[in-house]
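Heavy-atom basis, side chains included; hydrogens, waters and symmetry copies ignored. Count residues from 1 along the sequence. Atoms within each ligand, like the ligands themselves, are counted from 1 in listed order.
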Amino acid sequence: MKYGFSQRVRYLKSSAVRDILKVVNKGDVISFAGGLPDEGLFPVEAVSQAFQKAITSDNKALQYGETEGVLELRERLVERMARKGIRRHPDNVLVTSGSQQAIDLFSRVMFNPGDVILTENPTYLAALQVFESYETRVVAVDSDDEGMIEEDLEKKIASLKPKCIYVVPTYSNPGGKVWSLDRRKKLLKLAKKYHVVIFEDDPYGDLQFDKEAAPPPIASLDNNEIVLYTSTFSKTVVPAMRIGWIVGPHQIIRIMAQAKQATDLHTNSVSQHALVHLLNDFDLDGHIQLIRNTYLERMHVMKDLLDKVKGTDLSYITPKGGMFFWVNMPSYVNTTELLSTAVDQGVAFVPGSPFYVSNPEENTMRLNFTNSTPELIQIGMERLVNVIEQSQYETVR
Ligand SMILES: Cc1ncc(COP(=O)(O)O)c(C=O)c1O
């Protein structure tokens, strides 16, 4: 049978990361590939009590709910965002099924085929998947360790007239980088000058290692005019609850809520009510501190082993938070080719090239340090270091 799919299907791509995960989640492979939090840290008891309470306290949690999200949850989100300097009204918040849905709904209401979106290079793969599915043109802006470079950004805004600038400025995925305050301000200034919306994706902001926190979110520097800000409980509570949110100018949020209505009516009510109970009854901030300490220790274990690679000139930024190392190998290494040898040796990573919008650097890789215990990181990294050193030997030979 020949099925008559829509034209749009041509632009749907499978995620390279998910494809790799299917291969590596077998046997004795230690995987640094996924972007997963550690299930060992899930607050199982608190989540279970919160769901129990949601289901038994009244029947609202089992009923259809408002598309915008449970009001009490939006109020709690407003309080939490205010602590980061993002001062908004609950009416400007839309609760979504993870921040992934926020990216999708935003794209659905904003982009026509051919519209230009500016991003960093590399950037979050699943956002690229969404943008491409709406037949947009994604263009990379030159960046360095501090964020997008102003000159290139202004040149591209002026010549390409983008609809939106998508950024992950705090402990980015995949780059593990933090934008400086100066670059955040410059981005905002240019976006205002040329009337371009900024989409700030911040799933990792709470996972900071440094006592000195990252600069404030870009949304906190804006008066709800031009920045849409999305975040999630996937990295701090559990991803399976699928609770994220987006806050931004009311006109955009209102239209996104209409699009959400057509998509799934509302985000899972049980999860939303459970989250309200969790936020009321559980010390989430204390729990986040535990996650930070655990991930910081793991980051150091991985860093020490990365530093042990001999004779290979690799470089990386030491993450100040988040979940990833982004490693630049010498230019002769092709990490996609290296992956199959690595998997044969019992360790996996994600090659960097799928994260690029253009001009992929084939010698890059992303390593996740949050989903393995220090003991497994030790064993996995020893395997990886061997694979890297062996590849160098083979190239030289
Ligand atoms: C940069 C970024 N944005 C959005 C998401 C989506 O998160 P969720 O849909 O679980 O909230 C992720 C998940 O890894 C991410 O890394």
Of K235, K84, R83, which is the lone residue that meets salt bridge (charged side-chain N to carboxylate O under 4.0 Å, His left out) with D206?
K84
Give every donor-acceptor pair under 3.5 Å between a side-chain atom in residues 187-199 and any protein atom, sequence neighbours left out.
{"unit_1": "K192", "atom_1": "NZ", "unit_2": "D222", "atom_2": "OD1", "d": "3.4"}
{"unit_1": "K193", "atom_1": "NZ", "unit_2": "E154", "atom_2": "OE2", "d": "2.8"}
{"unit_1": "Y194", "atom_1": "OH", "unit_2": "E154", "atom_2": "OE2", "d": "2.6"}

Give a table of atom pairs where an N or O of ligand 1 lies under 3.5 Å from a protein N or O.
{"unit_1": "ligand 1", "atom_1": "3 (N)", "unit_2": "D201", "atom_2": "OD1", "d": "3.2"}
{"unit_1": "ligand 1", "atom_1": "3 (N)", "unit_2": "D201", "atom_2": "OD2", "d": "2.6"}
{"unit_1": "ligand 1", "atom_1": "9 (O)", "unit_2": "S99", "atom_2": "N", "d": "3.2"}
{"unit_1": "ligand 1", "atom_1": "9 (O)", "unit_2": "Q100", "atom_2": "N", "d": "3.0"}
{"unit_1": "ligand 1", "atom_1": "9 (O)", "unit_2": "R242", "atom_2": "NH2", "d": "2.8"}
{"unit_1": "ligand 1", "atom_1": "10 (O)", "unit_2": "S234", "atom_2": "OG", "d": "2.6"}
{"unit_1": "ligand 1", "atom_1": "10 (O)", "unit_2": "R242", "atom_2": "NH1", "d": "2.8"}
{"unit_1": "ligand 1", "atom_1": "11 (O)", "unit_2": "S99", "atom_2": "N", "d": "2.8"}
{"unit_1": "ligand 1", "atom_1": "11 (O)", "unit_2": "S99", "atom_2": "OG", "d": "3.0"}
{"unit_1": "ligand 1", "atom_1": "11 (O)", "unit_2": "T232", "atom_2": "OG1", "d": "2.7"}
{"unit_1": "ligand 1", "atom_1": "11 (O)", "unit_2": "S234", "atom_2": "OG", "d": "3.4"}
{"unit_1": "ligand 1", "atom_1": "14 (O)", "unit_2": "Y204", "atom_2": "OH", "d": "3.3"}
{"unit_1": "ligand 1", "atom_1": "14 (O)", "unit_2": "K235", "atom_2": "NZ", "d": "2.8"}
{"unit_1": "ligand 1", "atom_1": "16 (O)", "unit_2": "N173", "atom_2": "ND2", "d": "2.9"}
{"unit_1": "ligand 1", "atom_1": "16 (O)", "unit_2": "Y204", "atom_2": "OH", "d": "2.6"}

Measuring from N334:CG to E361:CD, what's the distance to the nearest 0.5 Å?
12.5 Å
Hey, is the main chain of N268 close enough, under 3.5 Å, to the side chain of S271 for a donor-acceptor pair?
no
Using links of under 4.5 Å between side-chain heavy atoms of ILVMFWY residues, direct or through other members, which residues join L265 in one cluster?
Y64
Sorted by chain and residue number, the side chain to side chain contact (heavy atoms under 4.5 Å, CB included) partners of A219 (sequence neighbours excluded) come out as I86, R88, E200, V227, Y229
